[in-house]
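Remarks on the structure that follows.
Naming: A, B, ... by sequence-line order, numbering from 1 per chain.
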There are 2 protein chains.
Amino acid sequence: MLRRMNGPVTLRDVALAAKVSVSTASRALTGAGLTSRGTEQRLQRIAAELGYRPNTLARGLKTRSSKLVGLVVHNLTNASFRVLAEVVGERLRAAGYQMLLCVTSDEPERERETIATLTDQRVDGLIICPTGRNGAQLAMLERGNTPVVCVVRQDPAAEAETVLAADPEGAYAGTRYLLELGHRRIGLIVGRQETTSGRERLSGYRRALEEAGLPFLAELVHAGPYVPETGLAGCAALLDRPHRPTALFVANHESTLGVLRGVAERGIAVPDGLSLLCYEDMPGLAWQRPAISVVDSGAVAMAELAADRLLQRLGGGAGAALRRGQEYRVGARLIRRQSCSPHTEA
Amino acid sequence: MLRRMNGPVTLRDVALAAKVSVSTASRALTGAGLTSRGTEQRLQRIAAELGYRPNTLARGLKTRSSKLVGLVVHNLTNASFRVLAEVVGERLRAAGYQMLLCVTSDEPERERETIATLTDQRVDGLIICPTGRNGAQLAMLERGNTPVVCVVRQDPAAEAETVLAADPEGAYAGTRYLLELGHRRIGLIVGRQETTSGRERLSGYRRALEEAGLPFLAELVHAGPYVPETGLAGCAALLDRPHRPTALFVANHESTLGVLRGVAERGIAVPDGLSLLCYEDMPGLAWQRPAISVVDSGAVAMAELAADRLLQRLGGGAGAALRRGQEYRVGARLIRRQSCSPHTEA
DNA sequence: CTGTTAGCGCCTTCAC
DNA sequence: GTGAAGGCGCTAACAG
């Protein structure tokens with residue numbers, strides 16, 4: 001039972017040792033039941049003894065399936081992306097796929113390269129938070145029969161299915177919560193209006209105000225990129241004024257860090273001096289004292305859904321067809337903790 | 001210039017279009033200068049026009065190199081692992097490799113499976129934070145000429161190079177800093193003593209105390225797993241007592257969250273009522289008010305070094321040889337912010 | 001149920 | 001400098 005060379009044990013080695021043809025060995029080990037019960041077990045045993053492991057590359061070359069799926073996100077700092085990476089990775093693993101994780105920093109050029117490389121690797125599928133500038137390439141992938149699922153952001157040109165957060169509803173629910181607590185001057189710190197989430201969260205806020213018969217005041221809104229500095233600047237813009245808001249809605253967790261600092265530096269007590277509500281949950285917020293109330297954007301659900309859709313399409317069974325442009329929304333959820341209190345004053 | 005079928009453009013298509021043999025096309029495109037300047041450029045152009053992209057699987061099958069590298073970590077919550085994923089991913093990408101990210105939850109069985117799968121995928125290399133129970137498999141990889149670099153934790157059986165934090169020195173430096181501020185009763189909340197980092201950070205603390213001529217008091221130490229709850233429990237154990245410590249050293253960032261809450265709930269002012277020093281930096285800590293002083297364990301440097309060593313060994317140039325059992329330590333760094341103040345009292 | 005034959009797409013001797 | 005031929009390890013017809 002000597003092997004002819006060093007290097008990994010190949011199917012040929014197993015076949016040789018078992019005195020059968022390579023194809024029989026293949027059939028026995030892929031276990032589709034295309035061989036007699038006896039040889040199947042015998043080959044399984046011999047393969048195990050020899051420490052045989054199939055070469056995924058060779059198999060993939062033949063079957064046109066690499067068992068690789070790309071996950072493309074902007075970074076790993078954002079809690080949603082982190083959740084995405086963990087959840088999707090786990091789901092894929094359970095289904096026999098491996099995850100190629102790529103970070104684009106939200107730069108179109110990087111994204112372009114990334115998609116190209118993943119294509120070269122012949123990934124079986126792709127889950128991506130698109131920049132919106134490489135939709136054509138994504139559409140090309142779909143056309144080449146490689147399923148693509150967009151998450152968090154949309155890219156119409158990609159013609160792919162998309163899993164989004166219910167941002168308009170989430171922001172509406174959050175604002176509404178503050179209104180029901182009696183707040184009338186509600187500040188909003190929100191993402192750049194060039195992004196979908198930035199726009200949608202602002203619109204949810206506006207709608208809640210309108211329904212409550214309150215005017216929309218631009219002076220109560222501060223928009224900026226998804227970084228802590230935005231929160232800090234927002235505090236300066238909204239809190240350092242005579243008639244300051246009694247509640248502050250911070251529409252992303254990156255800005256929240258800056259707001260926490262801005263509020264602390266001004267010696268403002270939460271929730272007595274200011275009610276604080278944030279968007280997107282992350283571990284740190286529940287551990288703050290007072291614990292920060294949030295609108296959870298549902299990152300886990302988004303990740304699960306994205307994985308579901310991709311796996312279904314990979315599986316080829318029911319629901320495997322591309323639902324072109326189909327848009328899924330996962331619900332946001334208000335989590336009441338300690339940072340918001342009723343406002344009782346004219 | 002019609003292609004015979006749908007599906008990706010193959011090298012053969014390019015050769016056909018250029019009226020050269022497949023091998024010439026191959027040589028021209030791999031660009032080793034084995035063909036005439038003219039045909040090389042011509043083929044580059046034609047390939048580009050046709051949108052040719054090499055099939056990594058096929059190439060890998062031949063060259064025995066998948067251009068894939070596995071990164072195996074326990075989770076993506078821990079800041080060091082996150083940094084590892086981002087930095088290593090970027091370094092690999094720049095070097096033409098793709099990263100297969102795998103999460104083991106620190107479970108040996110999961111790790112075993114993961115290593116097996118990565119082996120099947122014929123990864124060119126592996127960076128792993130080992131559980132310590134699958135060293136034999138890792139050693140097997142090395143023997144099969146696949147470089148392995150261990151990070152954060154060691155696994156003697158793996159016989160691999162290892163990049164570690166300088167935990168003994170870091171904990172020593174942190175404790176020493178508090179001592180120099182005049183503190184004499186310094187509490188320590190530290191990781192489980194079954195882990196290397198848990199033991200090493202405790203030992204650094206002890207050494208600093210001894211050097212200062214202070215006794216080691218078990219009552220000032222609380223050990224537990226890397227979760228916020230440990231910090232909360234540690235507060236109960238160390239702060240709810242008559243003669244409480246004047247400074248608290250929290251030796252991992254997971255516990256820090258719990259400590260922040262525990263301290264806030266007790267109405268203890270930082271740093272006046274208690275100096276607080278944490279281990280492992282993360283974005284949130286710098287944004288806290290007061291900003292939390294930390295001993296940065298050097299996750300970025302560890303990631304860089306691990307990537308360096310792996311790429312060197314993959315590159316095959318100088319320094320490509322395995323330095324069996326070689327252990328690298330990256331320095332910890334004290335970052336003074338606002339959470340520690342001098343203790344001035346008998 | 002099993003063996004034989006043909007590739008998957010690419011690289012790489014070996015000739016010319 | 002270029003072409004022809006063989007094979008990486010595996011699977012999938014096609015025969016028997």
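The side chain of A:T10 has D:dG9 as its nearest neighbour among D:dT2, C:dC11, D:dG9. With distances taken from any side-chain atom of B:N55 to the nucleotides C:dG9, D:dG3, D:dA12, the minimum falls on C:dG9. Of the candidate nucleotides D:dT11, C:dC11, D:dA13, D:dA13 has the atom nearest to the side chain of A:R27. Of the listed nucleotides (D:dC10, D:dG3, C:dG9), C:dG9 has the atom at the smallest distance from the side chain of B:A58.
Residue B:S21 is the one, among A:R59 and B:S21, whose nearest nucleotide of DNA chain D lies closer to the 5' end (criterion: closest heavy atom). When each of B:S36 and A:P54 is assigned the nucleotide of DNA chain D bearing its nearest heavy atom, the one mapping closer to the 5' terminus is B:S36.
Taking atom CZ of B:R122 as the reference point, atom P of C:dC10 lies 20 Å away to the nearest angstrom. Rounded to an integer number of Å, the gap from CZ of B:R37 to P of D:dT2 is 13 Å. Rounded to whole Å, the distance from CG on B:L57 to P on D:dC10 is 13 Å. Remark: P of D:dC10 and CD of B:Q121 are 14 Å apart, rounded to the nearest angstrom. In this structure, the NZ atom of B:K19 is 12 Å from the P atom of D:dG3, given to the nearest Å. Straight-line distance from the CG atom of A:D13 to the C1' atom of D:dC8: 13 Å, rounded to whole Å. Rounded to whole Å, the distance from CG on B:L43 to P on C:dC10 is 13 Å. Between the P atom of D:dG3 and the CZ atom of B:R12 lies a distance of 15 Å, rounded to the nearest Å.
Residue pairs meeting the salt bridge (charged side-chain N to carboxylate O under 4.0 Å, His left out) criterion with at least one partner in residues 114-125 of chain B, sequence neighbours excluded, are A:R53-B:D120.
Among the atoms of the strands shown, base atoms are found under 4.0 Å from some heavy atom of A:V22. Nucleic acid contact for B:L61: base, since at least one base atom lies under 4.0 Å from a heavy atom of the residue.
Contact between the side-chain N/O atoms of B:T39 and the OP1/OP2 oxygens of D:dG1 is not found at any separation under 4.0 Å. Here B:S23 does not reach the OP1 or OP2 of D:dA5: none of its side-chain N or O atoms lies under 4.0 Å away.
Of the charged side-chain nitrogens involved, none lies within less than 4.0 Å of a carboxylate oxygen, so that B:R42 and B:E40 do not count as a salt-bridged pair. Ion pairing between a basic and an acidic side chain is recognised when a charged N comes within 4.0 Å of a carboxylate O; A:R112 and A:E107 show no such pairing. The pair A:R91-A:D308 meets the salt-bridge criterion, since a charged nitrogen lies less than 4.0 angstrom from a carboxylate oxygen.
Side chain A:R64 to base C:dG9: no donor-acceptor pair is found below 3.5 Å. For C:dG7, its base sits under 3.5 Å from the side chain of A:K62 at one donor and acceptor pair at least. The base of C:dT12 is not paired with the side chain of B:S26 by any donor and acceptor separated by under 3.5 Å.
The CE atom of B:M99 sits 11.5 Å away from the CZ atom of B:R93 when rounded to the nearest 0.5 Å. Here the CG atom belonging to A:L126 is positioned 7.5 Å from the OG1 atom belonging to A:T119, to the nearest 0.5 angstrom.
With axes fitted over five pairs at each extremity, the angle between the ends of the helix from C:dC1-D:dG16 to C:dC16-D:dG1 is 40° (10° resolution).
Side-chain N/O atoms of B:S65 and B:T63 include no donor and acceptor closer than 3.5 Å.
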query: Can you check side-chain hydrogen bond (donor to acceptor under 3.5 Å, both in side chains) on A:S21 and A:T24, steps first, answer last?
result: CA-CA 5 Å; A:S21 76; A:T24 302; 3.1 Å; yes
